Amino acid sequence: QNNAPSVQQTVEEALSRLLGQSVTINGCSRTDTGVHAKEFYFNVKIDNNIPCDGFIKGMNSLLPHDIAVHSCCDADDDFHARYCSKGKEYIYKIWNSRVRNPFLNGLSLHYRYEMDVEKLCREAQAFVGTHDFTSFCTLDKREKGDFTRTVQYFDVKREGELVTMTVAADGFLYNMVRIMVGTLLAINNGRIPYGTLSDIIKAENRSAAGPTAPPCGLYLN
């Protein structure tokens, strides 16, 4: 990125130092600024026979404390972390309390209003299946062609004051999960009527859906 350091840049700089060669990694997905990744896969082709254990130890000695390499394995020459991906799961975390949680600052959305989690979970089932998700995509030069995606599941659960929304699909459009979450919160607020998600999907119009939720609560899982 031109405006600030990125995770990819940081990883590539560490890799280049470890291997003594300039490298470019292929990531499994794209994440917006402020979005987190609990697990992220990438592949890289290297001219070095460093063993996997040495790769992990070497990378973690060079990376900052907010990035860690968990595992490493040899892959076939035709493997690509993005195009070989079978699907992705995202989690959106909401701290649902009148009082903010300082320990989740920047790591969840603070939402002060009451949430009917069971009702929102039932509502979110409209997302499940194969649909054109144009209504849930920020249209720009990144998104072209087919806007059809297949959502395997969408769960909304509460554990104390922490509400999590978990969604899995064969792929996601730009800002898709954040718009899904923002739309569900708009339904919770009464700004969008219950029972209208199917109509919003069919509209294939971004203006029919709710706002884009902030990035701080989103995790590529």
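This is a predicted model, so every value here is computed, not measured. Basis for what follows: all heavy atoms, side chains included, without hydrogens, waters or symmetry-related copies.
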Considering only heavy atoms from C-beta outward, does the side chain of F172 approach that of V177 to under 4.5 Å?
yes
How many angstroms lie between CG in N105 and SG in C216, if you round to the nearest 0.5 Å?
8.5 Å
Fit a plane to each ring of Y219 and H36, take the angle between them on a 0 to 90° scale, and name the class: parallel (under 30°), tilted (30 to 60°) or perpendicular (over 60°).
tilted
If the condition is side-chain hydrogen bond (donor to acceptor under 3.5 Å, both in side chains), which residues does T10 pass it with, not counting sequence neighbours?
none
Begin from the C-alpha positions of M176 and V151 and carry the test side-chain contact (heavy atoms from CB on, under 4.5 Å) through to its verdict.
CA-CA 11 Å; M176 180 172 160; V151 173; 4.1 Å; yes
Residues D170, K86: salt bridge by 4.0 Å N-O rule:
no
Do the side chains of V7 and T31 get nearer than 4.5 Å, heavy atoms only?
no
Test V44 against every option in V11, V23, L19 by the side chain to side chain contact (heavy atoms under 4.5 Å, CB included) rule and name the one that passes.
V23
Specify the closest pair of heavy atoms between I192 and A209, including all atoms of both residues, with the distance to one decimal.
CD1-C, 4.2 Å
Tell me, yes or no, whether the heavy-atom count around N3 atom CG, taken from other residues, nucleotides or ligands under 6.0 Å, exceeds 12.
yes
Distance, nearest 0.5 Å, that separates CE of M115 from CG of N96:
5.5 Å
Shortest non-hydrogen pair, R82 vs G27, comes out as CB-O, 3.4 Å
Gap separating the CG atom of D132 from the CG atom of L173, nearest 0.5 angstrom:
8.5 Å
Are N48 and F55 packed together at the side-chain level, in the sense that at least one heavy-atom pair is separated by less than 4.5 angstrom?
no
Mark yes when over 12 heavy atoms from residues, nucleotides or ligands other than K88 sit less than 6.0 Å from its NZ; otherwise mark no.
yes
Closest heavy-atom pair and its distance - C52, D74:
SG-N, 4.0 Å
Take I94 and L185, measure what side-chain contact (heavy atoms from CB on, under 4.5 Å) needs, and give me the verdict at the end.
CA-CA 10 Å; I94 302 170; L185 293 179; 4.1 Å; yes
State the CZ-CD1 distance between F133 and I201, to the nearest 0.5 angstrom.
5.0 Å
N188 and Y111: side chain donor to acceptor below 3.5 Å:
yes
For E12, what residues pass the side-chain hydrogen bond (donor to acceptor under 3.5 Å, both in side chains) criterion, not counting sequence neighbours?
Q8
Report, as yes or no, whether the 6.0 Å neighbourhood of atom CG on N205 holds more than 12 heavy atoms from other residues, nucleotides or ligands.
yes
Quick one: does H110's side chain have a donor or acceptor within less than 3.5 Å of a partner on N101's backbone?
no
Mark yes or no for whether S6, through its side chain, and Q9, through its backbone, hold a donor-acceptor pair below 3.5 Å.
yes
With distance as the sole test, does N60 use its side chain to make a donor-acceptor pair with the main-chain N or O of V69 at under 3.5 Å?
yes
Let's go through F127 and F136 carefully: what are the C-alpha distance in whole Å and the side-chain angles of both, what is the deciding distance for ring-ring contact (aromatic ring centres under 6.0 Å, His included) to 0.1 Å, and is it a yes or a no?
CA-CA 10 Å; F127 291 129; F136 297 88; 5.1 Å; yes
Would you mind reporting whether Y92 and T164 have side-chain heavy atoms less than 4.5 Å apart?
no
Any luck finding a side-chain donor-acceptor pair between T134 and E204 under 3.5 Å?
no
Could you check whether any side-chain heavy atom of I179 comes within less than 4.5 Å of a side-chain heavy atom of R206, counting everything from C-beta outward?
yes
Just by distance, no angles: are the side chains of R178 and T183 close enough, under 3.5 Å, to form a donor-acceptor pair?
no
I'd like to check F40 versus S29 (side-chain heavy atoms, cut-off strictly below 4.5 Å). Are they in contact?
yes
Would L15 and F42 count as a side-chain contact (heavy atoms from CB on, under 4.5 Å) here? Give the steps.
CA-CA 12 Å; L15 262 173; F42 70 86; 4.1 Å; yes
Sub-3.5 Å donor-acceptor pair from the side chain of K45 to the main-chain atoms of D77, do we have one?
yes
Apply side chain to side chain donor-acceptor pair (under 3.5 Å) to the pair E89 and Y153, showing each step before the final yes or no.
CA-CA 9 Å; E89 180 184 82; Y153 53 83; 2.3 Å; yes
Just by modelled atom types, is the P102 backbone N or O under 3.5 Å from a matching donor or acceptor in the R100 side chain?
no
Can you check whether I91 reaches K93 side chain to side chain, under 4.5 Å on heavy atoms?
yes
What heavy-atom pair brings C137 and F147 nearest, and what distance separates the two atoms?
SG-CE2, 4.0 Å
Is the backbone of D47 close enough, under 3.5 Å, to the side chain of Q21 for a donor and an acceptor to pair up by distance?
yes
May I ask you to test the P215-T33 pair for a side-chain heavy-atom distance under 4.5 Å?
no
Could you tell me whether the side chain of D76 and the main chain of F79 form a donor-acceptor pair under 3.5 Å?
no
Holding to side-chain hydrogen bond (donor to acceptor under 3.5 Å, both in side chains), I want the full list of residues that pass it with N49, two or more places apart in sequence or in another chain.
none
Evaluate side-chain contact (heavy atoms from CB on, under 4.5 Å) for L218 paired with L109, printing each intermediate quantity in order.
CA-CA 9 Å; L218 186 59; L109 171 65; over 6 Å; no
Atom pair OG (S108) and CZ (F103), whose distance is rounded to the nearest 0.5 Å
12.5 Å
Distance col, row L18:CG vs S61:OG, nearest 0.5 angstrom, shows 7.0 Å
